[in-house]
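Reckoned from all heavy atoms, side chains included, excluding hydrogens, waters and symmetry mates.
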Amino acid sequence: ELPFCSAEEVCHIVRSMCRAGYKKPSVLNAAGKRLRSRAHELPPKRLAQVISDLRKLDHLNGPLLANLLRGAQEPLEAFRTFDLTLVLQSFAHTALRDEARIAEAGRALSGRFRTMRAAELCTAFHCLAVLDCGGGGAAVELAASALPRIVTEVSFPELISLAHALVMVDLPAAELLSYVLERLARKSAQMSPLQARALSIVEHCVLLPAALRPGMRAALEADQEAAERCAR
């Protein structure tokens with residue numbers, strides 16, 4: 001029975017459930033209870049994976065996430081880059097605005113931006129935008145240097161994710177937003193009806209600047225060229 005399983009064994013059970021899409025609440029409740037008391041036994045890679053699996057099984061909430069990370073045997077800076085993005089996704093999924101831990105994760109990632117894949121950079125930025133957290137300066141650094149370098153490399157869904165994140169954050173990133181929207185316009189033939197609906201939110205924000213955060217609104221007002229690219 002789960003109450004007598006090791007933390008590693010519980011992780012294997014949750015992983016199997018995730019792969020099978022098996023969401024039995026009683027089993028997941030027992031797994032969560034066991035993991036809360038044994039999180040300190042898990043290495044960072046295993047802890048990040050089980051957190052991600054619980055998220056995909058719709059069984060991760062803020063208190064459980066906070067408890068699991070509180071029991072981690074290593075600080076977040078010791079987590080692998082991929083695992084840190086999983087943790088940020090879990091923060092965003094549960095809407096847990098633990099600013100201290102999010103800032104810790106952001107600082108841990110900021111020294112790795114040059115070696116991160118484009119998808120990881122987009123995921124990290126989108127999570128910080130959803131959480132409305134700067135991530136210890138990570139969001140500013142991403143918008144200023146890391147993301148502009150990879151705009152031409154990201155996939156169409158990632159461009160949509162970036163556009164959404166940029167209209168959510170309170171950063172003066174008008175030029176980056178304009179280039180993202182320009183890339184999306186060039187790839188519009190790939191757009192599905194659902195994606196078109198998602199982008200209508202971005203369009204609303206660009207055409208009605210009052211819907212933007214102060215930093216982005218001021219940046220668009222100051223950069224006429226970027227504003228024109230956004231409006232095309």
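Considering all non-hydrogen atoms of both residues, A31 and L2 come closest at N-CD1, 3.7 Å. Of all the heavy atoms in K45 and D83, the pair that sits closest is CA-OD2, 3.4 Å. Minimum interatomic distance between L159 and V180 (heavy atoms only, all atoms of both residues): O-CG1, 3.5 Å. A pairwise comparison of heavy atoms in L128 and G135 identifies CD2-CA, 3.9 Å as the closest pair. Residues R217 and P209 come closest through the heavy atom pair CD-O, 3.2 Å. When all heavy atoms of L184 and A163 are compared, the pair lying nearest together is CD1-CB, 4.0 Å.
For the atom pair R46 CZ and E41 CD, the distance stands at 13.0 Å (nearest 0.5 Å). Atom SG of C11 and atom CZ of R38 lie 13.0 Å apart (nearest 0.5 Å). Atom CG in L35 sits 10.0 Å away from atom CG in N67 (nearest 0.5 Å). Rounded to the nearest 0.5 angstrom, M191 CE and I160 CD1 are separated by 6.0 Å. Note that the CG atom of L65 and the OG1 atom of T94 stand 5.0 Å from one another [nearest 0.5 Å]. Taking OG from S90 and CD1 from I51, the interatomic distance works out to 6.0 Å, rounded to the nearest 0.5 Å.
Side-chain N or O atoms of E104 include one that pairs as donor or acceptor with a backbone N or O of L76 at under 3.5 Å. Within the 3.5 Å criterion, the main-chain N or O of D132 finds a donor-acceptor partner in the side chain of R97. Formation of a donor-acceptor pair under 3.5 Å by the Q89 side chain with backbone atoms of T123 is not found in this model. Under a 3.5 Å cut-off, the side chain of R34 and the backbone N or O of S6 do not form any donor-acceptor pair. Between the side chain of R213 and the backbone N or O of V169, no donor-acceptor pair lies under 3.5 Å.
Salt-bridge check for R15 with D53: passed, with a basic side-chain N closer than 4.0 Å to an acidic carboxylate O. Salt-bridge annotation for E77 and R107: absent, with no side-chain N of the basic residue lying under 4.0 Å from a carboxylate O of the acidic one. The pair D223-R229 does not meet the salt-bridge criterion, since no charged nitrogen lies less than 4.0 angstrom from a carboxylate oxygen.
Using a 4.5 Å cut-off on side-chain heavy atoms (C-beta onward), C127 and H93 make no contact. The closest side-chain heavy-atom distance from F156 to Q195 is below 4.5 Å. L177 has its side chain within reach of M216: a pair of non-hydrogen atoms, C-beta onward, lies under 4.5 Å apart.
Under the 4.5 Å side-chain heavy-atom criterion for grouping Ile, Leu, Val, Met, Phe, Trp and Tyr, L176 is not connected to I201 through any hydrophobic cluster. M168 and L166 sit in two unconnected hydrophobic clusters of ILVMFWY residues. Membership requires side-chain heavy atoms under 4.5 Å apart, directly or through other members. One hydrophobic cluster holds both L131 and L68 under the rule that ILVMFWY side chains link at heavy-atom gaps under 4.5 Å. Taken together through direct or relayed side-chain contacts under 4.5 Å among Ile, Leu, Val, Met, Phe, Trp and Tyr, L171 and L220 form part of one hydrophobic cluster.
Shown here are the salt bridge (charged side-chain N to carboxylate O under 4.0 Å, His left out) partners of R117, two or more places apart in sequence or in another chain: E120.
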Quick one: side chains of residues 138-152, donor-acceptor pairs under 3.5 Å with protein atoms, not counting sequence neighbours, listed by atom name and distance.
from : atom 1 : to   : atom 2 : distance (Å)
S145 : OG     : E141 : O      : 3.0
R149 : NH1    : S145 : O      : 3.2

Contacts under 3.5 angstrom, residues 54-62 side chains, donor-acceptor by atom type, not counting sequence neighbours:
from : atom 1 : to  : atom 2 : distance (Å)
R55  : NH2    : S52 : OG     : 3.2
D58  : OD2    : K23 : NZ     : 2.8
H59  : NE2    : L28 : O      : 3.3
H59  : NE2    : N29 : OD1    : 3.2
N61  : OD1    : L64 : N      : 2.8

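Under the 4.5 angstrom side-chain criterion for Ile, Leu, Val, Met, Phe, Trp and Tyr, the cluster partners of F82 are L86. Through ILVMFWY side-chain contacts below 4.5 Å, Y179 is grouped with nothing and stands alone.
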Next item on the list: Go through the steps for L69 and F91 under the test side chain to side chain contact (heavy atoms under 4.5 Å, CB included), then give the verdict.
Entry: CA-CA 11 Å; L69 289 175; F91 274 118; 3.5 Å; yes
Check: Going through the checks in order, is the side chain to side chain contact (heavy atoms under 4.5 Å, CB included) test met by E203 and L199?
Finding: CA-CA 6 Å; E203 180 185 26; L199 279 175; over 6 Å; no
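Under the side chain to side chain donor-acceptor pair (under 3.5 Å) criterion, the residue pairs touching residues 157-177 are S155-E158, with sequence neighbours excluded.
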